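Quick notes on the structure that follows.
Just so it is clear, the structure is predicted and the values come from calculations on it, not from any experiment.
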Amino acid sequence: MAFAQARPVAAGAAAGAGGSAKAMDWAEHGGAYPEWYYSPLAQITQANVHDLGPAWSFEFDTSRGQESTPIVTGGVMYVTTAWSRVFALDARTGHKLWSYDPRVPGAAAYKACCDVVNRGPAVRGGWVFVSTIDGRLIALDAKNGKPLWTAVTADSRRMSTITGAPRLTRDLVVIGNAGGEMGVRGYVSAYHIETGKLAWRFYTVPGRSTVRPDGAASDRALAEVARPTWFGAQTRAGGGGVVWNAMTYDPALDRIYLGTGNPYPWNRKFRSAGRGDNLFASSIVALDARTGRYIWHYQETPGDSWDFDACADIILADRQIDGRTRKVLMQASKNGFFYVLDRESGKLLSAKPFVSEVTWAKGVDLATGRPITASEAFYSKAPFAGKPGPHGAHNWAPTAYSPATGLVYIPASENSLRFVSSASYQFVEGVDDLGIEKGAAASPHAQNAGAADVLVAWDPVAERAAWRIPTRGDSGVLATAGGLVFQGNHRKGVAGELVAYAADTGRTLWRYKTPNAILAGSISYSLDGEQYVAVVGGAGGSDVVVAGGDEALEPGPGRVFVFKLGGKATLPADPPPAPPANPPAQTWPKAVVARGAATYGRLCSRCHGPDARSLNIIPDLRRSSVLGDAQGWKAVVIGGALQDAGMIGWGRFITPGDAESIRAFVAGQARALASRNR
Ligand code: CA
């Protein structure tokens, strides 16, 4: 492909190189450019980054997972946290100006695949927008945090949740939903910024509405383009295709690009009679931002059977191709390929793997735009060794694009899963039956435990990595005009570091210990001539397991960490070790333990970790104080005693006997942990 380098912006030419930094906000999701996660600030450089230290930190009132990137504008930092809470902080000092709690019911937490995270607010003028885990979109007064309007955007009777950051178009605020592993049907809704009135809604998959149209902007595209690609209508529940993360607004074309999630259930055999592309799941879909009208789609993973959500951030850029400027979009997808599309037409320009091994497809045919999918990859006759696994070669954590180097920095992960088809499948509202054998050993969220994380600097011109380095965690990335790439990591279970790498070589230039592991992406802004780098700390999310499995700390509160040159503040200490394993003396027959293991794998592992091994943000049950108390255990597991913390009573799914068998299984795991630690 003749894909010439765009005019690079030299790092030294950026405002404030090494000296005073002119005032600059981080006013939009992804920064000043469309989801680049790039700061043109260059006061902090490769030469002086060693002098970077904490300016301030701020402690949240929750220890649950943190995936938020803040917005900074007018000297105020607006940041969301777990349970969809919002804080407004003085961006110079961290002094709290106001906070808002949407009072999400604790019981909503069990619907979330990956904890009660939130990936950030949207801010414009006097409005701050936040999505909530229980399906609301709320507009707040930026001055005081008072709610101005609320839209109920997801159906609270279903397994819908919202964790994504809202995005803004010219005059609308757009939000999707999550729940693709729970059979939720995906859609995106656009509301008028000032009133909260619904402007349009676009459903991404036909779902069960095979007879009656929805009366939505998507009706025609679903009828003409998507519906003919689905088969076996009775088994598909809501259909998936949820837009839980990526939506990028394109001001030049007044379009919005959606990244859609996997079709539901994962196994196509049970979803679509073993055939069909299943549009618009696992696709990028371009819509008219004003009306929600369908313009084009590109499906990255036709017939997706591996949880290859196309939900990673979508980066917009103008590139020189064959001697003319072309408007492109770029995405490092979960399925392992780095895509470059012409965003005017949707035509595929480049698709190359950015991780070392991709087994589900041999490549992507540029002429047809389709992957060359291996037929055995659908695991219809035999298990399939899938690479990447469902965690994805790149998940939700922000990528960064630097116009100075021309590189896209990808927080990538080399992982795998052995896909085994279930013998049968039944849709049960509230259970993530995906049509594959899961069990304790093969939990869909377990495969990241032994994975190798890697930071990849991808050259979209040469279609190869300029450099790649091993990392601890696949956390979000920020690039700056100072020639730096910032990424957080997991240093020790729930504690971590923020690290600065040289953008051109990947050399480590600076690292700073933080009492929280860092999953989220960093941002940068400047005030009063000083450049700041800020990041939200807090483990959790889909990373429920510590690498190695046994090391755990008490969960500390989530925090914002802010750094500047010469910063002399001190950060809190690491949290203390988690309590030891607490196995009861009681033992159970092997058959009971085995039954408990199966039930645990089916219902409990997605939050509490495979084999009851957990990072301990959501409690590690092997250390639980009620593990030795049959009545206490039943009061929690069946009776819902801890419902407000997100642990619902499971009485409508299992019997008290099942709960006791889960206790038998966890007790065995606790004994094993205690003997290893002796
Ligand atoms: Ca998914």
Side-chain angles (χ1 to χ4, degrees), residues 1-17 30-42 44-47 49 248 250 252 257 312-333 337-344 347-355 366 393-394 397-412 454-469 471 476-487 500-509 521-524:
M1 179 184 61
F3 187 89
Q5 173 65 286
R7 283 182 301 275
V9 180
Y33 302 98
E35 315 246 348
W36 287 12
Y37 278 86
Y38 172 78
S39 172
L41 292 167
I44 303 165
T45 65
Q46 292 189 3
V49 69
T248 301
D250 180 349
Y257 307 98
D313 287 343
I314 298 166
I315 302 165
L316 311 185
D318 290 352
R319 307 301 299 252
Q320 295 296 317
I321 298 171
D322 297 337
R324 70 183 175 98
T325 304
R326 255 169 120 160
K327 293 183 174 6
V328 304
L329 65 77
M330 301 186 277
Q331 186 190 53
S333 181
F337 289 92
F338 187 90
Y339 291 91
V340 183
L341 303 181
D342 181 317
R343 69 180 198 266
E344 291 191 83
K347 183 178 164 18
L348 178 68
L349 301 174
S350 170
K352 283 279 161 50
F354 60 89
V355 284
L366 283 190
H394 166 233
T399 43
Y401 167 60
S402 167
T405 61
L407 302 176
V408 177
Y409 301 92
I410 307 167
V454 57
L455 178 58
V456 177
W458 185 257
D459 183 339
V461 176
E463 300 179 293
R464 61 176 169 77
W467 52 261
R468 60 173 71 221
I469 52 168
T471 53
V477 175
L478 165 75
T480 74
L484 299 168
V485 173
F486 290 90
Q487 186 186 32
Y501 302 99
D504 48 352
T505 63
R507 194 157 58 88
T508 301
L509 300 175
S522 302
I523 66 161
S524 189

Do any N or O atoms from the side chain of [X] and from the backbone of [Y] form a donor-acceptor pair under 3.5 angstrom?
X	Y	result
His394	Ile410	no
Gln46	Gly483	yes
Arg326	Glu344	no
Ser522	Phe486	no
Gln331	Ala312	yes
Tyr501	Gln487	no

Is there side-chain contact between [X] and [Y], with heavy atoms separated by less than 4.5 Å?
X	Y	result
Leu341	Tyr257	no
Leu329	Thr248	no
Val477	Leu455	yes

Atom [atom1] of [X] and atom [atom2] of [Y]: how far apart are they, to the nearest 0.5 Å?
X	Y	atom1	atom2	value
Leu349	Met330	CG	CE	11.0 Å
Lys327	Asp250	NZ	CG	7.5 Å
Leu484	Asp504	CG	CG	9.5 Å

Carefully, step by step, assess Val408 and Phe354 under the rule side-chain contact (heavy atoms from CB on, under 4.5 Å). CA-CA 11 Å; Val408 177; Phe354 60 89; over 6 Å; no
Of all heavy-atom pairs between [X] and [Y], which one has the smallest distance, and what is that distance?
X	Y	answer
Tyr37	Thr399	CB-O, 3.4 Å
Ala479	Ala400	N-CB, 3.6 Å
Ala412	Val355	CB-CG1, 4.2 Å
Ala503	Tyr409	O-OH, 2.8 Å
Ser39	Leu478	N-CD1, 4.3 Å
Ile315	Tyr401	CG2-CB, 3.9 Å

With the threshold set at 4.0 Å, does a side-chain nitrogen-carboxylate oxygen contact exist between Asp342 and Arg319? no
With Trp458, the ring-ring contact (aromatic ring centres under 6.0 Å, His included) member among Tyr339, Phe338, Trp467: Phe338
Should Arg324 and Asp318 be marked as a salt bridge (Lys or Arg N to Asp or Glu O under 4.0 Å) after you check the CA-CA gap, both sets of side-chain angles, and the distance that decides it? CA-CA 10 Å; Arg324 70 183 175 98; Asp318 290 352; over 6 Å; no
